[in-house]
Number of protein chains: 2
Amino acid sequence: MKLEDYSAPVYPPHCPHPCESCELRGSPAFNPVSLDELRAIQSFRDGSRVVEAGRPVIEEHRASSQLFTLYSGWAFRFKTLSDGRRQILSFLLPGDFIGVQDEFSDGRTHGVEAATLVTLCVFPRDKLWPLFRSQPRLGYDITWLAAREEKMVDDNLVTTGRRNAMERVAMLLMHLYRRAQRAGLERDGWVEFPFNQQHIADAIGLSLVHTNKTLRRLQRLGLHKLDGGWLRILEPKALETLGDYFERPFRPTPLI
Amino acid sequence: MKLEDYSAPVYPPHCPHPCESCELRGSPAFNPVSLDELRAIQSFRDGSRVVEAGRPVIEEHRASSQLFTLYSGWAFRFKTLSDGRRQILSFLLPGDFIGVQDEFSDGRTHGVEAATLVTLCVFPRDKLWPLFRSQPRLGYDITWLAAREEKMVDDNLVTTGRRNAMERVAMLLMHLYRRAQRAGLERDGWVEFPFNQQHIADAIGLSLVHTNKTLRRLQRLGLHKLDGGWLRILEPKALETLGDYFERPFRPTPLI
DNA sequence: CGAGTGGTTGACTTACATCAATTCCCGTGG
DNA sequence: CCACGGGAATTGATGTAAGTCAACCACTCG
């Protein structure tokens, strides 16, 4: 099946009990696993969890004893300074593995918040090492996911460090659109975009007001539409060039 | 041995041929390994390499077929936009593992440049998976290192996204000082600081001139001294508070 | 001694932040 | 049906932190 032909359910009700009937694995976005590995994942897993939009998946500054795979919905990682300034570090989509960065956490960690209703597969952290030992392949996959995650943070760092307002917004829109597309969340050219302008501002390191003005400006130029929680890209080339940001061709990723 | 009592040779000549006589492993900064693991690392390794200050360890945009452990010296990871604007992503010190982020690299990658004369242990990338398979513990360690690296990038992202100039400089100075200290590079309260103001500017996302002025201002306040390539922190508390950045207590890390 | 590199400083400009309204939207309850 | 309230988006006016430009200085190296 080609990626374009796949449509993820926007809100699958729940991560199902046996991983064998996982709806996510049907997607061509993910590498196939052997039956043996699937069983290992199943026994690594410790149930599932639902989090409402706007509620924390992992509290900041509190080490979590759990790891997660985001099963459906949107979430994001963030950090706040002591006076409340917030920086969004990265966005999370179905298939993303959450919490490795906290391994041997030393307290000063990030928070994770649900942007939509979110369902998660839950894994106890203390089973992580046993998983590596018994299933090195899955350990390797987790490393791969962690490395990919870091690359995204690298990109965001370039954005906040060296891009101007227009470039930042262009880059962010393209990034989120492409990722949603890959996760099979596109519907007739639109993808769900459950973030308000404060989220965008916090992600790209601008003030709320300036984010608004920049967004408006791009929209008036006809590069994108953002309406009622849905995003449509009208001029992908223009936005990519403006943001000096080009997503690489699609490649399937591991799914734990 | 306590960390304070350990002094790394500032420039060990070279990563020695048998890992058994590795000078780095003497440091309390690193977890001990079993003889078995040490042998595995030895056979994972494929020689060593020396890179002059200012020369690339990994070229940007070129996928490297090698992984490295930084054995001595300072280096940094960076990315550049197409018009030349550069962002330094993170700094590398002895013991840091280089190149996992490129695993399954898709082209758009970071570069790594030596800031001093640097020596490296070299590992062929295609032995990474076999290492995971035969030594899951070392795979786990590599994941741990990758996770730690991402946490540092997270911090830098908060800096460029949400801190002002004074806070940025304060945070960076403390961060680099503490890391150097942990690596045993402190000498009478001074640590080697092989970066010019352009490096600092590129790391914290400011212009060269403004970085200079901010650095000057902090120095005039008596918070630090920066002279002849060496850094001394005079008021650690003040700098930590100013930067709203507090390094966690020391904990040994894996060394591959 | 001249060229090159990096640091320093002042004058001026600008992109973005801050402040303060106003409007839009939507749900709620009389 | 409509008044009301609250959150988010929008916009204009004004302020300021940081960028840019252009010198000049201090070293080092050949």
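Lettering of chains follows the sequences in order, A, B, ..., and the numbering in each one begins at 1.
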Nucleotides 21-30 of chain D: protein proximity per nucleotide (B base, S sugar-phosphate only, - neither; heavy atom, under 4.0 Å): B---------
Base, sugar-phosphate, or nothing: which does Leu206(B) touch, judged by heavy atoms less than 4.0 Å apart? sugar-phosphate
Would you call [X] and [Y] a side-chain contact if the rule is heavy atoms closer than 4.5 Å?
X: Thr116(A); Y: Val118(A); value: yes
X: Arg77(B); Y: Val153(B); value: yes
X: Asp244(B); Y: Arg163(B); value: yes
X: Glu23(B); Y: Tyr71(B); value: yes

Can you list the residues that meet the side chain to side chain donor-acceptor pair (under 3.5 Å) rule with Arg86(A), with sequence neighbours excluded?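 Arg86(A) satisfies side chain to side chain donor-acceptor pair (under 3.5 Å) with Asp202(A) once adjacent residues are dropped.
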Can you list everything that forms a side chain to side chain donor-acceptor pair (under 3.5 Å) with Glu59(B)? Sequence neighbours excluded, please.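 Partners of Glu59(B) under the side chain to side chain donor-acceptor pair (under 3.5 Å) test: none.
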Which residues pass the ring-ring contact (aromatic ring centres under 6.0 Å, His included) test with Phe91(B), sequence neighbours left out?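 Partners of Phe91(B) under the ring-ring contact (aromatic ring centres under 6.0 Å, His included) test: Phe195(B).
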Residues forming a ring-ring contact (aromatic ring centres under 6.0 Å, His included) with Phe78(B), sequence neighbours excluded: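 Result, ring-ring contact (aromatic ring centres under 6.0 Å, His included) vs Phe78(B): Phe76(B).
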Tell me which pairs pass side chain to side chain donor-acceptor pair (under 3.5 Å) where either residue lies in residues 204-215 of chain A, with sequence neighbours left out. Gln197(A)-Asn212(A)
Hey, are Arg62(B) and Asp102(B) close enough for a salt bridge, meaning a charged N less than 4.0 Å from a carboxylate O? no
Using a strict threshold of under 4.0 Å (side-chain N to carboxylate O), is an ion pair present between Asp227(A) and Arg232(A)? no
Can you sort out the partners of Asp188(A) under salt bridge (Lys or Arg N to Asp or Glu O under 4.0 Å), two or more places apart, ordered by chain and number?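 Salt bridge (Lys or Arg N to Asp or Glu O under 4.0 Å) list for Asp188(A), sorted by chain: empty.
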Which atom names give the shortest non-hydrogen contact between Thr109(A) and Glu60(A), and what distance separates them? O-CG, 3.5 Å
Could you tell me from which nucleotide to which nucleotide of DNA chain C, 5' to 3', there is an atom under 4.0 Å from chain B heavy atoms?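 So the contact region on DNA chain C extends dG6(C) to dA11(C).
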Rounded to the nearest angstrom, tell me the gap between atom [atom1] in [X] and atom [atom2] in [N].
X: Asp202(B); N: dG19(D); atom1: CG; atom2: P; answer: 11 Å
X: Arg85(B); N: dG19(D); atom1: CZ; atom2: P; answer: 12 Å
X: His199(A); N: dA8(D); atom1: NE2; atom2: C1'; answer: 12 Å

Which pairs would a plain distance check flag for residues 217-225 of chain A, meaning a side-chain donor or acceptor within less than 3.5 Å of a matching protein atom at least two apart in sequence or in another chain?
none

In degrees rounded to 10°, what angle is found between the helical axes fit to the five outermost pairs at each end of the helix from dC1(C)-dG30(D) to dG30(C)-dC1(D)? 30°
So, is Gln197(A) near the phosphate of dT10(D), with a side-chain N or O under 4.0 Å from OP1 or OP2? yes
For dA8(D), take OP1 and OP2 only and decide whether either is under 4.0 Å from a side-chain N or O of Asn196(A).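 For dA8(D), OP1/OP2 do have a side-chain N/O of Asn196(A) under 4.0 Å.
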Please list, by residue number, the residues of residues 153-169 of chain B whose heavy atoms come closer than 4.0 Å to an atom of DNA chain D; answer none if no residue qualifies. Asn164(B), Ala165(B)
Return the residues of residues 216-225 of chain A meeting this criterion: a heavy atom under 4.0 Å from some atom of DNA chain D. Order them by number, or give none.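 The stretch gives Arg216(A), Arg220(A) as the residues lying under 4.0 Å from the strand, ordered by number.
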If you measure from CE on Met166(A) to CG on Leu215(A), what distance do you get to the nearest 0.5 Å? 11.0 Å
